[in-house]
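Okay, structure first, notes after.
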Amino acid sequence: MFKDKKVVFSGVQPSGVLTLGNYLGAIKNFSAFSDEYKCYYCVVDEHAITVRQNPADLRRRTYETLALYMACGLDPAKNTLFVQSHVSAHAELGWILDCYTMFGELSRMTQFKDKSQKNADNINAGLFTYPSLMVADILLYQTELVPIGSDQKQHLELTRDVAARFNAIYGDTFVIPEPYIPQTTARIMSLAEPSKKMSKSDENENAVVRILDPKDTIIKKFKRAVTDSGCEVRRAPDKEGVSNLMTIYSAFTGKTDAEIEAEFAGRGYGDFKLAVGEACADALAPVQAEFARLMADKAYLEDVMANGAEEAWRNAYRTMSKVRRKIGFTEPKRR
Ligand code: TYM
């Protein structure tokens with residue numbers, strides 16, 4: 001049915017309450033592909049366990065992430081929404097591709113370096129080989145396009161290298177995917193330290209706006225956002241905080257930088273921060289309402305997961321058979 005459609009794949013880790021960075025950098029853009037592409041959007045729980053998770057939290061967040069996908073506009077009738085660990089081909093191809101990914105390549109991954117600094121007591125092998133599991137996620141579905149924020153770009157480059165390497169050895173097996181990185185919202189910065197990216201796992205709650213934060217919390221966080229000692233709302237390299245707030249305001253209102261600068265000329269940062277907070281909270285309110293509605297119907301979420309996993313399996317299976325044959329694995333006799 002979808003044979004003529006090109007494939008989009010992306011994933012989000014259920015490792016914390018999702019942030020404005022996840023929303024503007026990734027999820028908000030996902031539904032734009034649903035009509036033209038065959039889309040797979042995956043809750044990547046296997047990636048999440050590279051950092052120690054509380055099992056009850058992981059389980060709950062897996063449902064929440066799926067519900068957020070839908071609350072952000074992904075219709076399960078038009079998109080394959082599923083949980084990574086429900087389709088064991090991800091882990092299987094992940095292992096195979098570990099054997100085609102170089103130690104040196106994995107050592108250069110900046111996310112590995114960051115995460116091993118933050119989790120110095122748990123630098124496990126999974127944290128190191130995490131990128132080849134991501135490579136497998138993408139290649140398993142013969143993906144053409146991967147919508148991501150800019151922090152995942154290096155992993156996408158690795159995916160292309162591993163796919164090309166495998167194809168060079170065994171002949172055409174995998175489609176070589178392209179990243180789709182949004183122009184303005186590819187890297188939403190921390191509100192507390194605007195030189196750092198906004199991250200789910202930041203310990204400073206004031207640094208991170210969560211998609212599910214109530215309106216007053218969102219406004220409070222924006223009011224506290226770090227700017228600079230000036231008072232001019234203007235985008236500039238030495239005004240990282242203000243520039244980040246302008247990006248967020250523009251994403252929610254559609255206004256250009258010139259329009260924003262004109263709107264707040266002579267008004268100072270207080271008014272501006274309040275306006276950003278309100279625009280953000282108002283835009284997230286319908287997402288939050290739909291999220292609450294979906295979370296109240298666990299049976300429905302489980303149906304979506306089951307259908308998604310079945311559909312994903314059907315397509316993953318084709319790639320797995322091809323890969324197994326090419327590398328010389330035997331098939332067990334069916335009895
Ligand atoms: P994760 O869960 O960290 O983030 C999910 C998506 O959100 C984007 N993102 C941001 N975009 C803009 N500004 C930010 N501050 C920001 N923070 C996060 C991420 O770039 C990502 O697109 N390894 C991936 C998950 C993954 C995946 C995949 C993605 C696993 N397999 C296959 C694409 C394809 C990750 O940790 O994303």
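First listed ligand is number 1; within each ligand, the first listed atom is number 1. Note that these values count all heavy atoms, side chains included, but never hydrogens, waters or copies made by symmetry.
Residues Y249 and F264 place their aromatic rings such that the two centres sit under 6.0 Å apart. Annotation: F112 is in aromatic contact with F128 [ring centroid separation under 6.0 Å].
The side-chain hydrogen bond (donor to acceptor under 3.5 Å, both in side chains) pairs that include a residue from residues 283-293 are E290-R293, where partners are two or more places apart or lie in different chains. Within the structure, side-chain hydrogen bond (donor to acceptor under 3.5 Å, both in side chains) pairs that include any residue of residues 300-309 comprise Y63-E302 (at least two apart or interchain).
Partners of D35 according to the side chain to side chain donor-acceptor pair (under 3.5 Å) rule, which considers only residues two or more places apart in sequence or in another chain, are K78.
The protein residues lying under 4.0 angstrom from ligand 1, judged by non-hydrogen atoms, are F9, S10, G11, V12, Q13, G21, N22, G25, A26, V44, H47, Y130, M134, D137, I138, V146, I148, G149, D151, Q152, T185, A186, R187, I188, K197, M198, K200.
A distance of 10.5 Å separates OG in S132 from CE in M102, rounded to the nearest 0.5 Å.
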